[in-house]
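Below, chain A is the first sequence line, B the second, and so on; all start at residue 1. Worth knowing before you read on, the calculation uses all heavy atoms, side chains too, and leaves out hydrogens, waters and symmetry mates.
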There are 2 protein chains.
Amino acid sequence: MDLSFGASPNQKDSATTLAYNKLRLLILTGDLAPGEKLKISALREKLGTGASPIREALSLLVSDQLVVRHEQRGFRAAETSRENFDEILELRCSLEAKALRKSMQNATGKWEENLVLVHHRMTKLAAERSDGFEREHKNFHMALIGNCQSPLLLRFCSQLYDLNIRYRYLAGRSSTYKGRAIEDEHRQILDAALSSDEEKAVKLLVSHYEVTGGFLMAHIT
Amino acid sequence: MDLSFGASPNQKDSATTLAYNKLRLLILTGDLAPGEKLKISALREKLGTGASPIREALSLLVSDQLVVRHEQRGFRAAETSRENFDEILELRCSLEAKALRKSMQNATGKWEENLVLVHHRMTKLAAERSDGFEREHKNFHMALIGNCQSPLLLRFCSQLYDLNIRYRYLAGRSSTYKGRAIEDEHRQILDAALSSDEEKAVKLLVSHYEVTGGFLMAHIT
DNA sequence: ATGTCCAATAAAATCGATTTTTTATTTGCG
DNA sequence: CGCAAATAAAAAATCGATTTTATTGGACAT
């Protein structure tokens with residue numbers, strides 16, 4: 001639906017879209033816990049809207065893999081597991097590596113400029129651990145691969161990003177960053193990307209994910 | 001939702017599930033043409049059900065990329081294009097290659113037996129160009145990679161399979177098969193998979209897709 | 001105690017009607 | 001005429017109520 005992280009609520013958004021964005025965030029942040037039953041009536045109250053938009057929003061979330069639908073017994077937030085986490089991490093490394101290569105091979109001045117811009121915005125919000133940062137963080141990572149000229153690949157990466165960040169929220173965000181030079185890593189990736197050093201950029205990006213993944217694993221049973 | 005091609009309509013299927021399966025097939029086969037507006041009222045009549053199940057089914061199809069949703073202006077069957085086709089083909093080769101390797105690395109007697117079985121069923125239906133064949137054909141390809149122990153990867157492959165077969169239907173199925181030893185190719189892939197020759201199996205599979213893709217391209221403007 | 005049947009309850013699924021928004025058509029004016 | 005505003009028609013989106021299905025909590029028999 002939308003590749004970005006946070007949803008900038010538009011005036012004209014339908015009740016369904018609003019519900020979709022809210023529910024997505026609730027699930028990503030763990031506010032709606034993995035495996036939790038998502039009762040229509042409860043969500044109706046929580047989001048202050050009718051059953052139809054809720055059901056539609058949940059349906060949209062199904063193929064995002066954030067919600068599962070059980071025939072005649074409603075919806076649940078998708079389960080989490082160690083296996084699932086490993087799987088996401090591996091696929092993500094593999095797909096983003098591919099996407100980053102393409103992106104760099106198609107490099108243009110415009111892409112580079114945008115990259116710098118997005119990186120700057122992220123850095124500026126790095127101090128505060130707000131949702132604003134999370135949004136810009138996703139923007140940065142999507143901007144890196146955003147020039148790959150393959151919407152499908154981008155969609156998959158975006159989906160995997162979200163699935164992954166969910167684990168980050170579940171583990172408690174702060175723990176992930178503690179004692180790590182995340183900003184350094186980002187800057188290094190940026191520099192490699194801008195200097196057209198494909199191998200280096202890919203290596204740094206994958207390592208960035210793997211290291212973060214390693215930290216996260218400690219917090220997953 | 002369901003990884004298989006055709007939907008075996010279950011007694012207990014909800015109106016939404018029924019609608020989902022029917023709509024999916026209508027879009028895959030081109031019965032609902034690329035870009036076509038999907039009016040709720042029209043579909044209501046066509047499928048003999050209310051608006052809610054239709055809308056829910058369409059929402060489920062959105063993330064399958066078979067349907068696009070436009071804020072306040074309804075749903076449309078996803079567009080097709082040469083670029084999209086190329087993208088699907090390339091991603092498919094790459095992801096299935098990865099999946100097939102994993103699948104073979106985890107090879108078990110049970111997996112092999114299933115593979116033989118599924119291949120047999122497909123072959124039996126090969127003569128008739130029925131939807132039955134299409135179902136078994138997908139089953140065969142999914143069975144090949146089905147042992148990869150990565151549900152996410154399988155889901156992506158399944159999705160790409162569907163997106164691809166849509167082009168096959170749009171081009172007119174017969175043309176794709178004409179003058180080709182499809183059954184030979186399948187048998188060779190099967191043999192390579194069973195004989196644990198990873199390189200060979202991957203090479204044959206990818207080539208199978210690329211050759212088929214080449215034939216198809218001729219029919220896409 | 002343990003399991004099975006049945007009623008009562010809760011929830012999901014669906015429908016039909018209403019509201020909102022978009023799209024098409026007409027009308028009026030430069 | 002051509003264009004823009006107003007109106008009418010169509011469609012999407014949403015709501016509230018109804019129907020269907022699953023779940024829960026006994027009553028009873030083993």
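Side-chain N/O atoms of T17(B) and R69(A) include a donor and acceptor closer than 3.5 Å. Between the side chains of R101(B) and Q105(B), no donor-acceptor pair of N or O atoms lies under 3.5 Å. With hydrogens and angles left out, the side-chain atoms of S14(B) and Q72(A) include no donor and acceptor closer than 3.5 Å.
When the side-chain nitrogen and oxygen atoms of T49(A) are compared with OP1 and OP2 of dC15(D), one or more of them lie within a distance under 4.0 Å. Distances shorter than 4.0 Å separate none of the side-chain N or O atoms of K37(A) from OP1 or OP2 on dA11(C). Contact annotation: R73(B) does not reach the phosphate of dA11(D) (side-chain N/O to OP1 or OP2, under 4.0 Å). OP1 or OP2 of dT14(D) sits under 4.0 Å from a side-chain N or O of T16(A).
H70(B) has its NE2 atom 14 Å from the C1' atom of dT22(C), to the nearest Å. Across the protein-nucleic acid pair, I40(A) atom CD1 and dA10(C) atom C1' stand 13 Å apart, rounded to whole Å. Spacing between atom CD1 of I54(A) and atom P of dA13(D) amounts to 16 Å, rounded to whole angstrom units. Atom CD of E71(A) and atom P of dA12(C) are 14 Å apart (whole Å). Atom CD of Q72(A) and atom P of dT19(D) are 17 Å apart (whole Å). A straight line from CG of D13(A) to C1' of dT21(C) spans 14 Å, rounded to a whole angstrom. Counting to the nearest Å, the P atom of dC15(D) and the CZ atom of R44(A) are 8 Å from each other. To the nearest angstrom, P of dA12(C) lies 7 Å from NZ of K39(A).
Results of the side chain to side chain donor-acceptor pair (under 3.5 Å) test with Y161(B) over H137(B), K138(B), R166(B) single out H137(B) as the only residue that passes.
The residue S14(B) sits close only to the backbone: its heavy atoms come under 4.0 Å of sugar-phosphate atoms, none of a base.
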